[in-house]
Every structure is written in C-alpha cells, then in structure tokens.
Amino acid sequence: MTPEPGAAVLACSAGCAGGFPVFEAIYACPRCGALLDVRHDPAALGRRSGAEWRALFDSRGPASAWPLASGVWGKREWVLPGLPDGDVVSLGEGWTSLVPAPRAGAALGHERLRVKQCGTSHSGSFKDLGMTVLVSAVRHRRRERGGPAAIACASTGDTSAALAAYCAAAGIPCAVLLPRGLVSPAQLVQPLAHGARVLSLSTDFDGCMGIVKALAAEGTVYLANSMNPLRLEGQKTVAVELAQQLSWTVPDWVFLPGGNLGNTAALCAGFTLARDLGLIDRLPRICVAQSAAASPLYESFRRGFSSLTPVAAGPTAATAIRIGDPVSAPRALRALRACDGRVEEVGERALAEAARLCARAGLYPCPQTAVALAALRQAAAVGAVLPDEEVVVLATAHGLKFTEFELAVARGSLPGAQEDVENVPIELPAELAAVRAAIHEGAG
Ligand SMILES: *Cc1c(COP(=O)(O)O)cnc(C)c1O
Ligand SMILES: [Zn+2]
C-alpha cells in the first residue's frame with residue numbers, strides 16, 4: 001500500500017527513514033530501531049492560514065455531525081487525514097471541560113489554576129483520545145487488507161480499559177496484559193466487561209511491556225501501547241482543544257503526570273504544530289509530575305534532559321504512572337527541551353495531601369492527577385511558578401476509578417495523613433432530634 005499524496009506517514013524519529021504507510025504494523029525504524037513518529041504533509045497543512053484553521057476548528061463542536069462532533073475527529077486533518085468516516089470508531093472522546101479551580105488553587109498556594117478534566121470521558125481517562133485513532137486505523141486496515149487478528153497492550157489499567165471499549169465498539173478482538181494486583185478493581189472490571197482477554201501476569205508494568213513488545217515483533221498481535229505513534233496523534237488534540245478553549249491562547253504552564261511519557265510528547269507535539277501553523281503564537285512551559293517511587297525523568301531533568309536512565313519502579317498510590325523504563329522517553333526529552341520543561345517528583349505524603357485539599361475544594365482527583373496537583377504546590381512554594389502565571393493541570397483520569405484511594409483520602413488513612421481530617425459516616429437512629437444535632441455538631 002503506497003500512501004496517497006497528502007496522507008500522513010510513519011517516519012523514523014531519528015530521521016534515517018520514512019514514508020511508511022500509517023496502517024503498517026511497524027513500531028520501530030527498520031534501519032536503526034528508533035521510535036517512529038507520524039509525519040504530516042507540511043504542504044497539505046500549510047494550505048490553510050492560522051486564521052483559517054482556527055475558523056475551521058471553531059466551526060466544529062459537540063453539536064456537529066458525527067464524527068466531527070468528537071473532539072479528536074473535529075481535528076481530523078491533523079490526526080489521520082483521509083480516513084473514511086465509515087472506519088472511524090468513536091465513543092464521543094474529547095471536548096472535556098476546562099474548569100477554573102481557584103479554591104483548590106488557593107489551597108495549593110497558586111490561585112490561577114484551571115483543571116482540564118480529561119478523565120471525564122467514555123472510559124474515564126485521557127487514553128480514549130489516542131485509542132479512537134489507533135482502533136479506527138486498525139478497522140480501516142482490516143477492511144482494506146484483512147488482519148491484524150487481534151490488538152494487545154500492556155497496561156497500568158487505563159490503556160486496557162480504553163482499548164477494550166474501542167475494540168468492543170468496533171468488533172475487533174483484543175488482549176490486555178496487566179501486572180497482577182497493581183491495577184484498581186474498577187480498572188480490572190472495565191476490560192472484563194467489554195469481553196477482552198484479560199491476562200494477569202506475575203510481574204510489573206515494565207515486565208508486561210517486554211512481553212507484549214515481543215508478541216508484536218513476532219506478528220501475533222498489533223501493538224496498542226503508546227510506542228505506537230498513532231495514539232499520540234489523538235492525544236495531541238488535547239493541546240489544540242486547550243488553546244481553543246482559551247480563545248487561541250496558551251497558559252504559562254501545563255502540569256501533567258508522566259509515566260510512559262507518551263502524553264508529554266503528544267501534548268508538546270500538539271502545541272508545536274498549532275504554533276507552527278499559526279494558530280497560537282507561543283508554547284506554554286510544561287511541568288511533568290512523577291511519583292518519587294518512579295521518577296527516572298526527574299533524574300534526567302537534573303541533568304538537563306540529556307538522557308534518561310531507567311529505574312526499578314517502587315510502590316506508589318499513583319499506580320498508572322508506576323513506570324521505571326518509559327517507552328516514549330526519547331520523544332519526551334526532545335519535547336521538554338523544546339518547551340523549556342520542568343519535572344517535579346512527589347512523595348506519597350505530598351500526593352495524599354494534595355488529593356485531600358483538592359477534594360475538599362470540590363475536585364475529585366485520581367492519584368495521578370494528585371501527583372500533578374502536588375507538583376504545582378511544590379513548584380509554587382519554591383517560586384518556580386510565579387503567582388501571576390496561568391496554570392492548567394491536566395486531570396488524566398476520573399477519581400471514580402480509584403475508589404480505594406479516595407476512601408483512604410477521606411479516612412485520612414494514607415501515609416502521613418493527619419488523624420483529625422478523617423471523614424467517616426456517622427451512624428444514627430432515624431430520629432429527627434439526633435439528626436438535627438449531628439448536622440452542626442463539631443462544626444466550628
Ligand atoms: C496513562 C496515564 C498517565 C501517564 O501517561 P503517559 O503517557 O504514560 O506518561 C497518567 N495518568 C493516568 C490516569 C494515566 O492513565
Ligand atoms: Zn531510523
């Protein structure tokens with residue numbers, strides 16, 4: 001299959017080869033082994049001015065005809081140009097709210113805070129943005145040429161939930177490899193409910209990743225991890241949507257939790273493309289938040305993002321970013337150098353405290369989002385983020401996926417929590433006087 005003129009292609013991220021069709025099942029450069037990127041045709045994209053792109057994107061929204069109503073497919077020219085409508089597998093991803101959160105911000109020491117609620121999505125995490133693109137591409141290829149027989153991923157919980165949902169919507173078989181005991185019960189239920197083959201392995205995420213990469217290399221499955229650049233094409237739309245929600249401006253900072261670092265690379269790619277095509281006039285700075293139990297990027301930041309040394313990831317409440325050997329590290333290092341990036345590492349006590357402060361201010365952060373919120377608190381405290389700077393935190397998943405964590409936050413039973421913050425149900429007889437008394441009891 002030769003790519004059509006104007007189509008996006010796969011190219012070596014180190015620049016030594018390119019022009020591979022995006023529907024080909026290859027995940028690394030056949031010459032040098034580097035990661036692949038999706039390259040768009042600059043001539044095709046350059047035919048519209050920045051103002052024309054803004055007008056086009058502004059003319060599409062949740063009320064548009066399907067599939068343009070999707071936040072991802074409303075930007076389809078930048079994602080997978082030319083994919084026929086009939087191959088699009090959409091569950092209504094994107095168009096997540098950008099919520100001012102001054103009360104949570106004040107509690108963290110930085111009032112100029114907005115939260116982009118990427119977890120308010122079909123499967124409850126931002127992974128939907130990338131999975132709609134990957135599964136649509138596979139559906140197209142299966143219709144045109146047959147195969148691949150199944151899609152598979154290794155997952156810390158959210159990738160597998162999204163993959164299983166989109167595969168079920170498309171009628172494509174899928175298998176998910178999960179580290180046993182390291183995903184939340186809600187995340188385990190999702191692929192089971194969608195009929196995926198769920199393989200629970202006695203290893204951690206990095207161990208699952210090694211196996212699924214080998215399965216993909218031998219051609220047994222098509223690989224759905226973010227090493228596959230098709231996912232990043234969908235995820236990068238979050239940057240464009242964010243700028244659009246701010247009337248085509250960018251905040252001073254975007255904070256996000258980072259694990260495999262695909263989302264970091266995607267976010268920066270989205271802002272860079274929007275700037276290069278004239279939709280915005282600058283890039284925001286990006287701060288990646290890592291759990292101190294799995295923070296190879298933090299060490300890299302301290303060495304000027306020159307390289308990244310994998311670590312063994314230890315236990316953390318932020319299970320979705322418990323990754324010691326991030327697959328997209330080379331992409332992320334390049335992105336962070338371009339965006340004047342920063343990295344914070346956050347301890348268990350700090351993430352629990354940020355989660356509690358923000359939940360008491362109306363947010364419902366998942367543990368990973370709590371790491372990003374804690375990172376903002378730390379960066380503001382040392383003056384790395386200045387009081388008049390506008391900050392957006394990407395909330396990556398919905399707190400409802402992590403009920404055990406939220407319960408521990410409410411009970412004050414996470415490491416380092418204070419006893420006096422405990423909030424538990426008060427058991428009472430069904431009597432008016434007792435209920436009336438209990439409502440104001442202890443309230444200062
Ligand atoms: C996947 C995930 C992340 C990390 O994204 P990467 O692209 O792996 O860095 C962060 N938070 C949540 C909730 C996730 O599911
Ligand atoms: Zn190469």
Side-chain angles (χ1 to χ4, degrees), residues 10-20 26-37 39 116-121 123-131 153-163 183-184 186-187 190 205-206 209 224-229 231-232 234-236 238 255-269 286 288-291 294-297 308 313 316-332 335-336 343 346 351 364-373 375 393-402 405:
L10 295 174
C12 169
S13 60
C16 79
F20 311 110
I26 51 169
Y27 318 101
C29 173
R31 277 213 202 122
C32 75
L35 292 169
L36 297 172
D37 290 333
R39 287 275 153 75
K116 177 115 174 96
Q117 297 283 27
C118 304
T120 311
S121 180
S123 79
S125 83
F126 77 85
K127 299 292 200 297
D128 291 351
L129 299 173
M131 219 47 96
C153 71
S155 177
T156 54
D158 290 330
T159 299
S160 46
L163 177 64
V183 306
S184 80
Q187 290 170 319
Q190 287 180 291
F205 171 81
D206 296 304
M209 192 67 222
N225 282 96
S226 56
M227 187 183 166
N228 185 328
R231 273 185 48 204
L232 306 187
Q235 288 174 209
K236 84 183 182 199
V238 77
F255 278 64
L256 80 167
N260 236 345
L261 304 179
N263 209 31
T264 302
L267 184 72
C268 196
I286 290 178
V288 181
Q290 294 213 295
S291 159
S295 58
L297 187 66
L308 181 143
T316 167
T319 47
I321 52 172
R322 181 178 173 174
I323 296 174
D325 188 4
V327 165
S328 282
R331 293 178 179 133
L336 289 165
V343 181
V346 171
L351 86 84
Y364 201 54
C366 76
Q368 296 68 227
T369 303
V371 170
L373 293 162
V393 169
L394 295 192
T396 46
H398 203 298
L400 288 171
K401 283 193 174 208
F402 297 88
F405 171 78

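These numbers come from the heavy atoms of this one structure, side chains and all, not from hydrogens, waters or symmetry mates. Note that ligands are numbered from 1 as they come in the structure, with each ligand's atoms numbered from 1 the same way.
Considering NZ of K236 and CG of L129, their distance stands at 12.5 Å, rounded to 0.5 Å.
Side chain of S184 to backbone of K401: a donor-acceptor contact under 3.5 angstrom is found. Checking side-chain atoms of R331 against main-chain N and O of G262 turns up no donor-acceptor pair under 3.5 Å. Distance alone, capped at 3.5 Å, is enough to place a donor-acceptor pair between the Q368 side chain and the A320 backbone.
For Y27, the ring pair (Phe, Tyr, Trp, His ring centres under 6.0 Å) partners two or more places apart in sequence, or in a different chain, are Y222. Shown here are the side chain to side chain donor-acceptor pair (under 3.5 Å) partners of S295, two or more places apart in sequence or in another chain: E345.
Of the candidates T264, N263, D128, Q235 forms a side-chain hydrogen bond (donor to acceptor under 3.5 Å, both in side chains) with just one, namely N263.
Considering all non-hydrogen atoms of both residues, N260 and D325 come closest at OD1-O, 4.1 Å.
T396 places none of its side-chain heavy atoms less than 4.5 Å from the side chain of D158.
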Which protein N or O atoms sit under 3.5 Å from any N or O of ligand 1? Give each pair with its distance.
unit_1, atom_1, unit_2, atom_2, d
ligand 1, 7 (O), G262, N, 3.2
ligand 1, 7 (O), N263, N, 2.8
ligand 1, 8 (O), N260, N, 2.8
ligand 1, 9 (O), G259, N, 2.8
ligand 1, 9 (O), N260, N, 3.3
ligand 1, 9 (O), L261, N, 2.8
ligand 1, 11 (N), T396, OG1, 2.8
ligand 1, 15 (O), K127, NZ, 2.7
ligand 1, 15 (O), D158, OD2, 2.6

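Each protein N/O/S atom under 2.8 Å from the Zn ion (ligand 2) was counted, for a total of 4.
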